[in-house]
> 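One structure, as structure tokens, below. Some questions next.
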4 protein chains.
Amino acid sequence: MPRLEPVVEDAPRGRPRDPRRREAILAAAIALVAEVGYDRMTVDALAARAGVSKPTIYRRWPGGKSEIIVDAIRAKRADGGTLPDTGTLRGDLIAYIRGATEGFDPHVAAGLIMQLQSSPELEALFREEVVCDEAARFESLLTRAAARGEIGEGVVTPLFADIPGSIIFTRSLIRNEPIDDAFVEELVDRVLLPILPVKKEQAPHVV
Amino acid sequence: MPRLEPVVEDAPRGRPRDPRRREAILAAAIALVAEVGYDRMTVDALAARAGVSKPTIYRRWPGGKSEIIVDAIRAKRADGGTLPDTGTLRGDLIAYIRGATEGFDPHVAAGLIMQLQSSPELEALFREEVVCDEAARFESLLTRAAARGEIGEGVVTPLFADIPGSIIFTRSLIRNEPIDDAFVEELVDRVLLPILPVKKEQAPHVV
Amino acid sequence: MPRLEPVVEDAPRGRPRDPRRREAILAAAIALVAEVGYDRMTVDALAARAGVSKPTIYRRWPGGKSEIIVDAIRAKRADGGTLPDTGTLRGDLIAYIRGATEGFDPHVAAGLIMQLQSSPELEALFREEVVCDEAARFESLLTRAAARGEIGEGVVTPLFADIPGSIIFTRSLIRNEPIDDAFVEELVDRVLLPILPVKKEQAPHVV
Amino acid sequence: MPRLEPVVEDAPRGRPRDPRRREAILAAAIALVAEVGYDRMTVDALAARAGVSKPTIYRRWPGGKSEIIVDAIRAKRADGGTLPDTGTLRGDLIAYIRGATEGFDPHVAAGLIMQLQSSPELEALFREEVVCDEAARFESLLTRAAARGEIGEGVVTPLFADIPGSIIFTRSLIRNEPIDDAFVEELVDRVLLPILPVKKEQAPHVV
DNA sequence: GTTTAAGCGAGACGGTACGTCAGGTCTTGTT
DNA sequence: AACAAGACCTGACGTACCGTCTCGCTTAAAC
């Protein structure tokens, strides 16, 4: 009679990895990059800040800094993903953009972007986990608005979903200006809403 | 009799700098960054590729890699800066975007962006020389269109001028997809023209 | 009712140590040092070779590598310690030197010597257990010869007892030449016997 | 007519190595090994002590510590190589041994010996430069004594030349006792002179 | 035509960080 | 409690790159 339950096929042997180490390292990584920038962050400093030794870092992220940052960003996105629901498309868009911009840090973003260029697998990972997910969230906002009759249907293309993120990147990384309420409202009222087939007049849009 | 006018007080004594060195270095810099990425480009490799010694590089760009890259981008923009004039706003926009995207390289752009985060003076320099200039070129396109009566006047804000560049950055650096004609036309027809107060119908814009 | 006599107060509780571990580790240590040299032998490799885990090693030899090697050498000397008795001093000396040189390995010896320099307690231990013991063995050889009337009495000083070992060290560690029969005979006939107050002519000793 | 003098065939290009660096490093190496022992000397400490950077060390001695020590010993022997001449063989021997023992340090010697075991080329180098040279010096002492009629001729074999060094090694590295005058005299009177075919009575040699 | 100041290639140099390796300790679960 | 496995900290390793410096040579303007 065969064994029916070989459930745990590979029993983890030896001392298990301390999960607190992981959290400490990722948090320290985000903090350090935000403070001094990606390329001025050293692994030694990261280890010291996280209260951890270098080998422990390289044991978990053999790829070094770049791997850590991508992982940290992913982990950060994991907590905090409720879709706003204000009742109107305009309110939803503003709330959505504010939410997505919350923990945004130019240093972190710039470091990430550069690493994406030199690691196809990193880039694929990031696109799947972050970009597509963000696009889906944006789309559900619009779908909900269409259900309410605010706009027509089927208007989301990759191009549309990229607009908010793109403009925020430029604003923050290149113009180095803050993402304040005035800017977000201008973005929504003068760019996003006008290019959607709005059924009811919502923003006056006087030039 | 005393010399009355030492007119050119900073008469260059000694051997003058060989201008060919500069070109060789800038070209090698662009090529190298495009090949291996900004942070994997070493100054030694740059010197070897340009057939030049390291002191020669640092004598001209004391700031090192970042300075060189900004200078290279600026130099590249210098040749090829005629404003397109196709007769219609749509044609101008497409031609303008195509032109600006010509020699665009993701590696170079990503490296530049990261350096901007950690050097305020570099960032100021770049904003003045490139961002503002580009905005001005974009504005003159619209002004011309307004003069032709295609659109209203005074519609250019920093936000508007940033849109094309922003979207192209995202497309290239994050989505890693090519900037082809179809994309440029979609960008113009579905985003740029709709948010301008177009007077005549130009693109059908059927959803 | 109180316990009156916990006679064996250090009753070994729990699982007793497996004696086979000790042998395996010592054997592996000697083999590894002989193969790659003392400082290139790693404890991990030692553990792997002995089929044992690192904590098992450190539980028994808290001092690490150096302690293990000294212990291994001592253990090796333990088996094989019968004094030769050939009837003549010359024969005894030759047999004694051959025996002492049996398992001699330059790597092991060199590693041991270096460790002795940086650990006084190790050095004391080794001197007591090995050096003095060897001197005693050498002395009893001479005492026996004196009883036979071959030589005078009271000729053994630390200096005398050190000579054979010293020369063998140099021969093996510095000159890197083998300790063969010809060499041992030359050592006995040209050095050891001449400096002892021999009563009967034994070795012709023609120069 | 051929050029008679192509003397400087390969002109040294670039900045020449600063010879003071070499001296500083070798001196620091000897000092450090003597202080803390070979295996506890770190390259970082060596660099700090010599006021030099690590790459400078590895540029000159790619083999690391072992190469440096051998080089240092060789350099040290270079200065201070006059043969003693006291008029008698006994005086010469004592002076010679004292001289050779002058800067002798157990730590340095032990480190060297261990390194010799794991680098055949190092070992060959050392044997040529030091061992053979020392043997030659010893031989010329005896040759001079033979010319004076103190001893017979042709008595030097590798074995003889090794005796003083061997015994000193053991005395210092294993017994850890000082090489004082009493010891040197005992060595000369009780070992070296007796095994040479002395013609005149020189040392009473009472047992 | 000298002089002379600078450009220039080569490469040593101090410094900083890298990613790795080994020693020795500690924490699991198992025997 | 011993044991195997392996995570962990510490500290040193040897290397890579940066930006500076010192050479000896070349070049062109100034004298």
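Naming: A, B, ... by sequence-line order, numbering from 1 per chain. A quick note: this is a predicted structure, and the numbers were derived from the prediction, not measured. Heavy atoms only: backbone and side chains are in, while hydrogens, waters and symmetry mates are out.
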> A/Trp61 CH2 to F/dA7 P: how many Å, rounded?
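Distance check: A/Trp61 CH2 to F/dA7 P gives 14 Å.
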> Side chains of A/Ile30 and A/Lys76, heavy atoms from C-beta outward: is any pair under 4.5 Å?
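Heavy-atom side-chain distance check passes, below 4.5 Å.
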> Measuring from atom CE of B/Met114 to atom CG of A/Asp39, what distance do you get when rounded to the nearest 0.5 angstrom?
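Nearest 0.5 Å value for the CE-CG distance: 4.0 Å.
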> Do the side-chain N or O atoms of C/Arg22 get closer than 4.0 angstrom to the phosphate oxygens (OP1, OP2) of F/dC3?
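Answer no for this pair, as no side-chain N or O of C/Arg22 is under 4.0 Å from OP1 or OP2.
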> May I ask you to verify if any side-chain N or O of A/Arg59 is less than 4.0 angstrom from the OP1 or OP2 atom of F/dC8?
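Checking A/Arg59 against F/dC8: at least one side-chain N or O falls below 4.0 Å of OP1 or OP2.
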> Give the nucleotide from the list F/dA7, F/dA28, E/dA12 with an atom nearest to the side chain of A/Arg17.
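The nucleotide sitting nearest to the side chain is F/dA7.
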> Hey, does the side chain of D/His107 reach the backbone of D/Val36 with a donor-acceptor pair shorter than 3.5 angstrom?
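No, because the side chain of D/His107 does not come within donor-acceptor range (under 3.5 Å) of the backbone of D/Val36.
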> Against B/Asp18, only a single residue in B/Arg21, B/Arg15, B/Arg22 fulfils salt bridge (charged side-chain N to carboxylate O under 4.0 Å, His left out); can you say which?
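With B/Asp18 as partner, B/Arg21, B/Arg15, B/Arg22 yield a single salt bridge (charged side-chain N to carboxylate O under 4.0 Å, His left out), made by B/Arg21.
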> E/dG23 P sits how many Å from C/Leu32 CG, rounded?
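About 11 Å, once rounded to whole Å.
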> Expressed as a whole number of angstroms, how long is the span from B/Arg13:CZ to F/dT27:C1'?
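Atom-to-atom, B/Arg13 to F/dT27, this comes out as 14 Å.
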> Using heavy atoms to find the nearest nucleotide of DNA chain F for C/Arg60 and A/Pro16 separately, return the residue whose nucleotide is more 5′.
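On the 5' side of the pair lies C/Arg60.
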> Can you check nucleotides 29-31 of chain E for protein contacts, nitrogen or oxygen pairs under 3.5 Å, and list what you find?
from	atom 1	to	atom 2	distance (Å)
E/dT31	O2	C/Arg15	NH1	3.1

> For A/Ile57 and F/dA7, what is the distance between atoms CD1 and P respectively, to the nearest whole Å?
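Those two atoms, CD1 and P, are 15 Å apart.
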> Just to confirm, is there a sub-4.0 Å distance from OP1 or OP2 of E/dG14 to any side-chain nitrogen or oxygen of D/Arg21?
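Checking E/dG14 against D/Arg21, a side-chain N or O does come within under 4.0 Å of OP1 or OP2.
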> Can you check each nucleotide of nucleotides 12-17 of chain F against protein heavy atoms at under 4.0 Å and return B for base, S for sugar-phosphate only, - for none, in 5' to 3' order?
SSBBBS
> Working to the nearest 0.5 angstrom, can you tell me the gap between C/Ile25 CD1 and C/Arg60 CZ?
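Separation between the atoms: 5.5 Å.
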> For the pair B/Lys65 (side chain) and B/Met41 (backbone), establish whether a donor and an acceptor sit closer than 3.5 Å, ignoring hydrogens and angles.
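Present.
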> I want to check something: taking the side chain as every heavy atom from C-beta on, are B/Leu112 and B/Ile73 in contact at a cut-off of under 4.5 Å?
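Yes, at least one pair of side-chain atoms sits under 4.5 Å.
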> Report the distance from atom OG of A/Ser119 to atom CD of A/Glu67, rounding to the nearest 0.5 Å.
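These two atoms lie 8.0 Å from each other.
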> Check this one for me: any side-chain N or O of C/Thr56 less than 4.0 Å away from OP1 or OP2 of F/dA2?
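Checking C/Thr56 against F/dA2: no side-chain N or O falls below 4.0 Å of OP1 or OP2.
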> Give, for atom CH2 of D/Trp61 and atom CG of D/Leu26, the distance between the pair rounded to the nearest 0.5 Å.
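Rounded to the nearest 0.5 Å, the CH2-CG separation comes out at 4.5 Å.
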> Taking for each residue the nucleotide of DNA chain E with the nearest heavy atom, is it B/Val52 or C/Asp39 whose nucleotide lies nearer the 5' end?
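Its nearest nucleotide being more 5', the pick is B/Val52.
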